[in-house]
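Have a look at this one.
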Amino acid sequence: MNNEQVADVFDRVADLLEIKGEIIYKTLAYRKAADNLRNLPVDIQTTRDEKRLTEIPGVGKAIADKIEELLTTGKLKLLEKLEQEVPPSLIELLEVPDVGPKKAALFWKQAGITNLAGLKSAALNGLLRNLPGMGEKSEKRILDGIEMVARRSKRMVLDDAWTLGNQWLEWLRELPDVKRAEAAGSLRRWRDTIGDLDFAVASDNPARVVEAILQHPDVVNVLGRGENKTSVELKNGVALQVWIQPTINFGCLWQFTTGSKDHNVRVRELAQRQGLSLSEQTLTRESDGERISCETEEQVYEALGLRWIPPELREDRGEIEAVKHGDLPNLIQLEDMHADFHMHSTWSDGRNTIEEMALSAIQNGHKIIAITDHSSGLGIAGGLRPDDIRMQRAEIDTVQQKLGESIRILQGAEVEIRADGSLDYPDDVLAELDIVIISLHTSLRQPGEEITARLIKAMNNPHADIVGHPSARLLPNREGADLDWTAVLETAQKTGIALEINANPHRLDLPEAYARRAAQMGILLAINSDAHRIGRLDNLVYGISAARRAWLQAGHVINTWKPEKIMAWLHTRSG
DNA sequence: GCCGTTTTCGGCCCGACTGTTTTCAGTCG
């Protein structure tokens with residue numbers, strides 16, 4: 001079993017424990033452990049073999065034993081027992097808004113409901129309204145909720161979420177009662193996919209802002225409305241939440257709405273230990289009830305004796321400890337980037353010529369780019385045959401002459417890693433290229449051992465410089481290849497090959513947990529746009545956000561290097 | 001079930017909103 005599968009088991013255990021009515025802290029413990037396993041950059045099997053399971057945050061003796069049991073037998077007695085006691089199909093009910101573990105247990109024990117279909121038919125037949133604590137309104141709410149689950153849009157990729165988010169920000173900022181409006185939630189933390197959109201608004205007349213939002217033509221469903229917040233469903237199926245506080249409290253509000261939940265729990269614990277209570281409205285000194293308003297986030301963190309923490313780090317993955325010890329990383333920024341090593345032209349499946357790409361890259365402030373069209377194996381993308389490569393070289397030379405010193409254009413290729421781990425070009429062709437990216441595009445469903453061996457074999461080719469989108473995942477839905485990451489990272493460390501953080505918002509690949517681990521291991525990283533047209537050179541902003549979430553600093557990323565250093569590095573490789 | 005700048009035992013964030021209630025439970029972020 002891999003990390004993800006063990007985490008799924010623990011989430012299932014947590015769901016069932018919760019419905020069963022186990023104390024909440026036990027279920028939270030399983031969820032926390034599951035979350036940390038998903039973000040563990042090393043294979044759980046390795047950690048087990050090294051007897052270091054309890055070093056994982058949130059994993060103590062009991063959960064370590066359960067991981068051991070799962071890895072040894074592939075099963076978990078606790079889960080089997082729970083599935084006997086509580087119908088597992090009840091977990092479906094937790095998807096419905098306003099149905100939590102208590103309601104699910106109520107429906108099961110008092111109405112014999114065990115799954116979503118049963119809940120729907122009970123609601124339609126008016127059987128829920130007479131249950132304790134229920135009424136007609138609750139019954140209707142649940143029915144609406146079931147329909148919403150059915151039509152709810154899947155998670156958005158980052159550029160779609162920001163496009164929609166920015167439209168709303170512009171609209172909110174034009175409202176006469178709005179002093180300030182900012183993105184919050186996972187959007188502001190730049191998570192790789194986004195569910196709901198969250199906004200923090202400063203206004204001295206919150207009720208009028210709520211009213212205006214409810215009148216917006218795109219709002220089709222009101223999920224909740226209060227004095228200081230409202231939650232609505234848009235016609236495209238996206239849920240949107242807006243919190244509103246007076247300007248003087250905006251710092252507390254923005255901090256709270258940005259999350260993550262786990263980060264906020266830690267911050268509030270910290271406040272509590274200092275005799276302070278932090279809410280979305282204000283900081284309160286518990287000794288005398290004095291309310292300390294914070295207009296900025298900096299004031300909130302400062303009041304707790306902390307430096308401001310960049311939103312990308314607010315995931316309770318060590319940022320609180322780091323800021324306390326004064327070693328928060330100086331995160332990489334877009335302005336640090338001077339190069340882009342992965343883009344396509346009309347020679348394969350790109351929309352723009354080499355010259356157009358180069359001119360646009362100059363506009364973006366780049367000093368070096370690499371044109372990396374597909375190799376011939378990827379027929380669907382019009383890959384280049386070896387003869388084409390020599391002709392393309394002539395065109396690059398011409399463009400280079402024309403543009404002079406304003407930019408340096410490298411000839412590269414995105415070379416297919418074949419199913420057997422060999423590369424799509426022979427070594428003599430690879431040697432002609434200035435830079436070689438190797439990528440997986442096909443046969444991605446090979447078993448873990450096979451695809452890991454395939455990638456490692458390719459990484460060992462001395463001409464290969466960068467592994468393109470290493471997991472080959474596609475957001476928001478297609479999982480990456482079932483790679484043994486410990487082995488892949490060790491190979492990168494040994495060979496000195498760089499790993500790409502592909503900045504296409506559908507990829508953001510290398511995934512952040514492995515990017516963070518790679519940097520810790522001293523592995524070089526590259527952030528590349530993979531642009532297929534000039535407008536997409538701007539993708540780098542998403543790659544930067546992924547890198548920041550992986551705690552990367554400029555020095556970890558070869559695109560920030562000076563041109564001479566980049567050329568020197570390329571010369572040391574492939575020989 | 002985890003964890004330790006109060007603690008190896010006794011804590012474990014905080015408030016808004018909703019619908020059901022006559023003061024609260026459940027859900028959510």
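We name chains A, B, ... by the order of the sequence lines, and we start the count at 1 in each one. Scope of the values below: all heavy atoms of this structure, side chains included, with no hydrogens, waters or symmetry mates.
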Whole-angstrom distance between B/dG15 and B/dG10, as gauged at atom C1':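 To the nearest whole Å, 25 Å.
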A/Glu280 side-chain proximity, nearest of B/dG15, B/dT27, B/dC13: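 Among the listed nucleotides, the one closest to the side chain of A/Glu280 is B/dG15.
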Interatomic distance where CG belongs to A/Leu283 and C1' belongs to B/dC14 [whole Å]: 12 Å
Any A/Gln241 side-chain N or O less than 4.0 Å from OP1/OP2 of B/dA16: no
B/dT22 to B/dG26 separation - P atoms, rounded to the nearest Å: 14 Å
Nucleotide of B/dT27, B/dT18, B/dC12 approaching A/Arg141 most closely (side-chain heavy atoms): B/dT18
Under 3.5 Å donor-acceptor, A/Trp308 side chain and A/Gln299 backbone: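 Not a single qualifying donor-acceptor pair exists.
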Distance-only side-chain donor-acceptor flag, A/Asn39 / A/Glu315, under 3.5 Å: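 No, because no side-chain N or O of A/Asn39 sits under 3.5 Å from a partner of the opposite role on A/Glu315.
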Sugar-phosphate, base or nothing in reach of A/Val267, heavy atoms under 4.0 Å: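 Contact class for A/Val267: none.
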Atom P, compared across B/dT21 and B/dA16: separation rounded to whole Å: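 Between the two P atoms, the distance is 24 Å.
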Listed nucleotide nearest any side-chain atom of A/Lys229, set B/dG1, B/dG15, B/dC17: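 That would be B/dC17.
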Closest non-hydrogen atom pair between A/Lys120 and A/Leu143, with its separation: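 Scanning both residues, the minimum pair turns out to be O-CD1, 4.1 Å.
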Span that lies between the C1' atom of B/dG19 and that of B/dC13, in whole angstrom: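 Result for the C1' pair: 24 Å, nearest Å.
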Sugar-phosphate, base or nothing in reach of A/Ile23, heavy atoms under 4.0 Å: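 The residue A/Ile23 makes base contact.
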Sugar-phosphate, base or nothing in reach of A/Arg266, heavy atoms under 4.0 Å: nothing
Proximity to the side chain of A/Lys261 - top-ranked nucleotide from B/dC13, B/dC2, B/dT20: B/dC13
Rounded distance in Å between the P positions of B/dC17 and B/dG11: 31 Å
Sugar-phosphate, base or nothing in reach of A/Glu136, heavy atoms under 4.0 Å: sugar-phosphate
Sugar-phosphate only, base, or nothing, as touched by A/Asn264 at under 4.0 Å among non-hydrogen atoms: nothing
Nearest-nucleotide pick for A/Arg273, side chain only, options being B/dT18, B/dT6, B/dC12: B/dT6
Atom-to-atom span, CD of A/Glu286 to C1' of B/dC14 - whole angstrom: 11 Å
Distance, rounded to the nearest Å, where A/Leu270 contributes CG and B/dC12 contributes P: 15 Å
Listed nucleotide nearest any side-chain atom of A/Ser277, set B/dC14, B/dT27, B/dT6: B/dC14
A/Gln281 side chain near B/dA16 phosphate (N/O to OP1/OP2, under 4.0 Å): yes
C1' atoms of B/dT23 and B/dT18, separation to the nearest Å: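 Per the computed distance, 15 Å lies between those C1' atoms.
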Working for side-chain hydrogen bond (donor to acceptor under 3.5 Å, both in side chains), residues A/Arg155 and A/Thr193: CA-CA 6 Å; A/Arg155 294 184 71 86; A/Thr193 59; 2.8 Å; yes
Pair A/Arg188, A/Thr258: side-chain N/O donor-acceptor within cut-off below 3.5 Å: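 Yes - a donor-acceptor pair under 3.5 Å links their side chains.
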Salt bridge present between A/Asp316 and A/Lys261 (N-O < 4.0 angstrom): no
Interatomic distance where NZ belongs to A/Lys137 and C1' belongs to B/dC17 [whole Å]: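 Roughly 13 Å, once rounded to whole Å.
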Separation between the P atoms of B/dC14 and B/dT8, rounded to whole Å: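 Going atom to atom, P in each nucleotide, I get 22 Å.
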Residue A/Ile63, side-chain atoms from C-beta onward, closest of B/dC13, B/dC17, B/dC2: B/dC2
Nucleotide of B/dC13, B/dG19, B/dG29 approaching A/Phe256 most closely (side-chain heavy atoms):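 The nucleotide sitting nearest to the side chain is B/dG29.
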Closest to side chain of A/Arg268, choosing from B/dT6, B/dC2, B/dC13: B/dC13
Whole-Å distance separating the NE2 atom of A/His263 from the P atom of B/dC13: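 After rounding, the reported distance stands at 15 Å.
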Presence of A/Tyr30 side-chain N/O under 4.0 Å of B/dG1 phosphate oxygens OP1/OP2: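 For B/dG1, OP1/OP2 do have a side-chain N/O of A/Tyr30 under 4.0 Å.
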Short side-chain N/O contact from A/Ser138 to OP1 or OP2 of B/dT20, under 4.0 Å: yes
Candidate nucleotides B/dC17, B/dC14, B/dG26, ranked by approach to the side chain of A/Glu227 - the nearest: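 Shortest atom-to-atom distance from the side chain points to B/dC17.
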Face-to-face contact A/Tyr25 to B/dC12 six-ring, under 5.5 Å, under 30°: yes
